[in-house]
Structure formats: structure tokens, C-alpha cells
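Before any comments, here is the structure.
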Amino acid sequence: MFSAQDSALLTRRRFLSWSQAALAALGASSILPSKSNALSTTSEAQSADDYYAKLGVEKIINAAGTYTYLTAAVMPPQVQRAVAQAALHPVVLKDLQIASGEYIAKRLRCEAALVSSGASAALTLATAACLANANGIAANLIPESVGSMKNEVIVQKAHRYEYDHAMLLCGVRIVEVTTLDEYRRAFSPKTIMTNFFNSAEGGETDRQTWLEVAHQHNVPCHMDAAADMPPIENLWKYTGMGYDLVCFSGGKGIRGPQNAGLLLGKKHLIDLAMESNNPNSDAVGRGMKVAKEQIVGMVAAVDWLLDQNDEADQAEYKRRADLIIREVKSIPTMKTEIFVPEIANHVPHLMLSYDPQVVGITPKQVQERLRAQRPRIELNPATGSSGRFGSHSNENTIVVGTWMLQPGEAEIVGRQLRAVLSSHNT
Ligand SMILES: *Cc1c(COP(=O)(O)O)cnc(C)c1O
């Protein structure tokens, strides 16, 4: 019997052999990038198995930034190749975890490192490590009996954030402080660690003082620097200051796999974090597995990143912003600004402010229009709202993040923005 499934399969095979023949006829070289730009992420090996197309999932132009909901960064070709190669062979997972950690620690100038399933998982493993460290227990006792153990984490009120869950899932309690004096008094025999949210906008105690006070009490400090690269040197700056543990997201500015991250820091704590990590089953990190492909991808991304140059990258992001400015500067009332946030996402962002009354369309409406187009363009989520970029954006501002644009896309974004903004003011 010849089923509908068989027929679909046959159609697909025919399509594939057709498309392969068509590619050959076109001469594959004409559709592949002729030379690879440092920031280009187009893989040389374009697969015929385009599952986004098969699944009907729209590919987007990312004019927003390294946002998790937009799948963050695209891996550079060298990282994509390392991932594909790692998929060819099984290894012992623990061996790969240990070797990758040692390699990364050397390259990033810290005592020890581990590849986690993202910065959030790194924070969980850091908490588990500090809990085990303070209580002198095996990491796999977590979280059953935490309530009766040393279990307090000190955090500034202004540093409370959505990633607190990553710590709380170890069963710890967060002790909140506001003034430096409160901080000094918050240390108790139950304190296991402190957490410093590096890009928090508020907080009375700076990162150096925060660290010194904790160390006076022999309490380890974790820093969440997930989105705080570039500059590249931040990857060793905070561990160099003496922070015991520092986490980074692997899939944001570092451009590794989205489900990878780094925990960097002191050897004895990273060793404890490893104990709480998979493949150990009786551990809080069991569900935070990073596959061999992504571990290797993370290592390759670190190698790739250390060959990059902050100044050249920033100049390229600014060039893209300038290109968009040229397209929209003649829109009535338009004011343009290039804004670089100080810590997280420290790259040029384009701010386009105008009077929607005159132009006839609000930034939020522009955002929706670009979303509805093909290719779909995603603007920065700060578009049409205040608060995210301090005084730099409000309801009259379109925000464009240029660093995740692929070659040729800044031109498309500029043209489409101009078309949408000028269609109303006639
Ligand atoms: C993105 C982010 C995280 C989470 O990073 P993942 O790698 O997605 O787990 C944690 N903390 C901060 C401050 C972040 O910006």
C-alpha cells in the first residue's frame, strides 16, 4: 500500500533532489558568501533540511539585540562547524565537562570554569556550590534539608530580579539589604553567599565595596554579569577583582549556543558546582544538561571571541546605525541619537525620536507594522516605552539594536523604517 505519508516523503525527496540539482546548476558558489566577514554568521554549509521552513516558523531580522525570546545570537560559522563536528562522535560527558572547563579557565584567566546551560543555570550551580561549601556537605543533599542548614544569601534590594528564582530553587533564603550599614549587619552564621547583579541601575553599595565586606566575613560573592560582554575584558575583569564566582550567558554577546553559559571562578567552588551538575542524578543541576555539541560550541565561541576586537565591532555596529539614520533623517521632527548603555548590552543602540502627531504613526504601531512584514523585523523591545534606557527612550522613540543584524540587513531595516514612517505624512 502506498500511504499519504509515503507520497509526502516521495514529494519531499523529489523536491530535495530537485533543489540539489538546482543548486548545482546555479553553481553553489553564487549563493554562498564569497568571503567571510568577521561578524558574518552565514554558514558555508547551507543545509537542505530547513526545518524552520518545514515547521512554518518565520525567520526574523533581529533589530532588537541578544534577547532570549528572540533566540539571542546566531553562532559564527567557526562555532557552527565545531558544533556539527562534535555531533559526529560520542564521548564521556564528564571528561568533556572537565576538559572544557580547564581550557576555558586558561583562556579567560581564572582558576576554574564550567559550561552551564546558560547564565541562569550557572547562578543555580553557584548557589548550590556555596551551600555545600558553607555547610561542608556533599552537593547532592540539596535541596531536601536546606531549611535547617546555613542557607542565607545577601542581596541589595535594588538587585532583586527575576533570576532570584535560580538561587531560590536550591532552597535558600534571600536576605535583602539597602544601606551599607545594613549589609554589614546582615552577615550571620547562616550566610552562605552574596549575589551582585552587575548591571542593576540602583544599589547603594558598589561592586568593590560589596566584595570587600563579604570577604571580611569570609563569605563568597557571586556576580551576575550575564549580558555584560562586550567589552571582552569583562570576561576576566570581575574574577580578577576577586569575585569568587561570575556567570555569563553563552548565547548573548559571546555568540555561543543559546543554551550554554559560563560559571567562572575559584577552583574549590567550581568543583562543588560540578558536583551539583549533571550527569549526577541526585543533584539540582540534573535538569540543566548541556549536550556535547553545545559544550564544544561554547569553547569554540570563546576561541572565536578572543580573536575579535571591541573597537572594530563597535565601529561596525555604529556604521549600521549611521546607515539607518541616513534613511530616516528627513522624516519631519526626527531626532536621532546613538546610545551605548554603560554595562549590559554595551553596544551602540539607535534611538529615533519624533512627534507621532506630525508623522501620523506611533513607534508601537511602527513596531507592529515591521512585525507584520516579510521578512519580519523585530525592533528593540524598548521601542515606544520609557524606563529601559533611562531618559533615552520614551513613548515617542523607536529603538534599534544593530549588533545582531546580519550582513545586508541594516539596509533592509533602514528602507522599511523609512517606508513605514513616510507612508502617513502626506
Ligand atoms: C540573560 C540574563 C540571564 C540569563 O541568561 P541565560 O544564559 O539565558 O540563562 C541572567 N541574568 C541576567 C542579568 C541576564 O541578562
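Atoms within each ligand, like the ligands themselves, are counted from 1 in listed order.
- Taking a 4.0 Å cut-off on heavy atoms, F197 registers as neighbouring ligand 1.
- The distance between the ring centers of F197 and Y161 falls below 6.0 angstrom.
- Counting non-hydrogen atoms of other residues, nucleotides and ligands closer than 6.0 Å to NE2 of H215 gives a total above 12.
- Ligand 1 has an N or O atom lying under 3.5 Å from an N or O atom of D224, backbone or side chain.
- Listed by atom number, the atoms of ligand 1 under 4.0 Å from G118 heavy atoms are 7 (O), 9 (O).
- The nearest heavy-atom contact from the protein to atom 5 (O) of ligand 1 is A119 CB, 3.3 Å.
- Checked against a 3.5 angstrom limit, the closest N/O atoms of S120 and ligand 1 fall inside it.
- Counting only distance, with no hydrogens or angles, the side chain of T191 and the backbone of F187 share no donor-acceptor pair below 3.5 Å.
- Residue contact check: K252 has heavy atoms under 4.0 Å from atoms 1 (C), 2 (C), 3 (C), 5 (O), 14 (C), 15 (O) of ligand 1.
- Between Q367 and L379 the shortest heavy-atom distance is CA-CD1, 3.9 Å.
- Residue contacts with ligand 1: Y163 is placed with no nitrogen or oxygen under 3.5 Å of a nitrogen or oxygen of the ligand (distance criterion only).
- The distance criterion of under 3.5 Å between nitrogen or oxygen atoms is not met by Q258 with respect to ligand 1.
- Checked against the 6.0 Å centroid threshold, F196 and H159 count as a close aromatic pair.
- Separating the CZ atom in R418 from the OG atom in S330 is a distance of 6.5 Å, to the nearest 0.5 Å.
- Between the CG atom of N195 and the SG atom of C130 there is a distance of 9.5 Å, given to the nearest 0.5 Å.
- For ligand 1, none of its N or O atoms has an N or O atom of A121 under 3.5 Å away.
- Side-chain polar atoms of S188 and E152 form a donor-acceptor pair below 3.5 angstrom.
- In terms of protein heavy atoms, atom 12 (C) of ligand 1 is closest to A226 CB, 3.3 Å.
- Scanning the protein for heavy atoms near atom 7 (O) of ligand 1, the closest one is S249 OG, 2.6 Å.
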